[in-house]
Amino acid sequence: MDIIVATNNQGKVREIKNILAPHNVMSQSEIGIDIDVEETGETFVENAFLKARALKSHTQCAIIADDSGLMVDYLNGEPGVYSARYAGDNTTPLQGIEKLLKNLDGVPFEGRSARFVSVIALILPDGSEYSFEGTCDGYITNILKGENGFGFDPVFYYPPYDKTFAELTDAEKNQISHRSVAIGKLSEFLNAIL
Ligand code: IMP
C-alpha cells in the first residue's frame with residue numbers, strides 16, 4: 001500500500017518507514033506537498049486527525065499523521081498537547097525543559113512520574129479513519145543528562161534502562177518509544193486488513 005506521512009519531520013519519516021516496511025511510505029514533501037497545519041486541537045487524537053485530514057484533498061493514497069507529547073502526573077497531564085510550545089511560541093526545547101524543572105522544583109523522585117504519548121491517525125483511501133496510541137512511562141529528572149534525541153529527552157528517565165532517553169541510541173529508543181508502540185499497532189492493523 002502507498003502511504004503518505006503528514007509531517008515535515010524527517011526523523012519521524014525515517015522511523016515510520018523502518019517499522020512499516022514493506023509498505024511504500026512517502027513523506028508529504030516527497031510528493032510535493034508543503035502544508036503546515038496549526039495544532040489547535042485539545043487532544044493528541046484531534047491534532048493527529050487535523051494533520052491527516054489536511055492532506056485528504058491532495059492524495060488518493062492512505063494518509064498517516066502523528067501527534068505526541070509529554071504528560072506529567074504532578075502537573076495534571078501538562079504539558080500534554082502543548083509540549084512543543086510549553087515555554088511559549090518561538091522558544092527552544094531547552095526553555096521548555098527549564099520551565100518543566102521549575103514547575104517540579106522540590107517534588108521528590110516518586111512524585112515526578114510522567115509518560116510520553118503518541119497518537120497516529122490513519123485515513124484509508126475509502127475515507128475510513130482509525131487511530132493508534134502508544135505510551136512510554138518514566139520519571140522527570142532534576143538535571144539534564146545525555147546528548148541524543150530531542151525535546152524533553154534529556155530529563156525523561158526510563159527505569160528499565162536506568163538512563164534518560166537522551167542517553168539511548170536511536171536504535172534503543174526506537175524499540176521502546178511511545179511512537180514505536182503506536183506505529184507497531186498501526187503496522188499490525190495494516191497487516192490484518194491487507
Ligand atoms: P509533535 O508531535 O511534533 O507535535 O511534538 C510534540 C512535542 O512533544 C515535541 O516538540 C517534544 O517537546 C515532545 N515530544 C514528543 N515526543 C518526544 C520524544 O520522543 N522525546 C522528547 N520529546 C518528545
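Each ligand, and each atom within it, is numbered from 1 in the order the structure gives. Numbers here simply count residues along the sequence, with the first being 1.
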Residues which pass ring pair (Phe, Tyr, Trp, His ring centres under 6.0 Å) with His178, listed by chain and number, not counting sequence neighbours:
Phe116

Listing, residues 183-194 side-chain donor-acceptor contacts under 3.5 Å, not counting sequence neighbours, or none:
unit_1: Lys185; atom_1: NZ; unit_2: Glu133; atom_2: O; d: 2.7
unit_1: Asn191; atom_1: ND2; unit_2: Ser187; atom_2: O; d: 3.3

Can you name the residues that form a ring pair (Phe, Tyr, Trp, His ring centres under 6.0 Å) with Tyr161, not counting sequence neighbours?
Tyr158

Under 4.0 Å from ligand 1, residues with heavy atoms, in chain and number order, are Lys12, Glu39, Lys51, Asp67, Ser68, Gly69, Ser83, Ala84, Phe116, Phe150, Gly151, Phe152, Asp153, Lys173, His178, Arg179

Using every non-hydrogen atom in the two residues, find where Asp126 and Ser128 come nearest and quote the distance to one decimal.
OD1-OG, 2.6 Å

Can you confirm whether Lys99 is buried at NZ, in the sense that more than 12 heavy atoms of other residues, nucleotides or ligands lie under 6.0 Å from that atom?
yes

Using a 3.5 Å distance criterion without hydrogens, assess whether the side chain of Arg112 forms a donor-acceptor pair with backbone atoms of Thr141.
yes

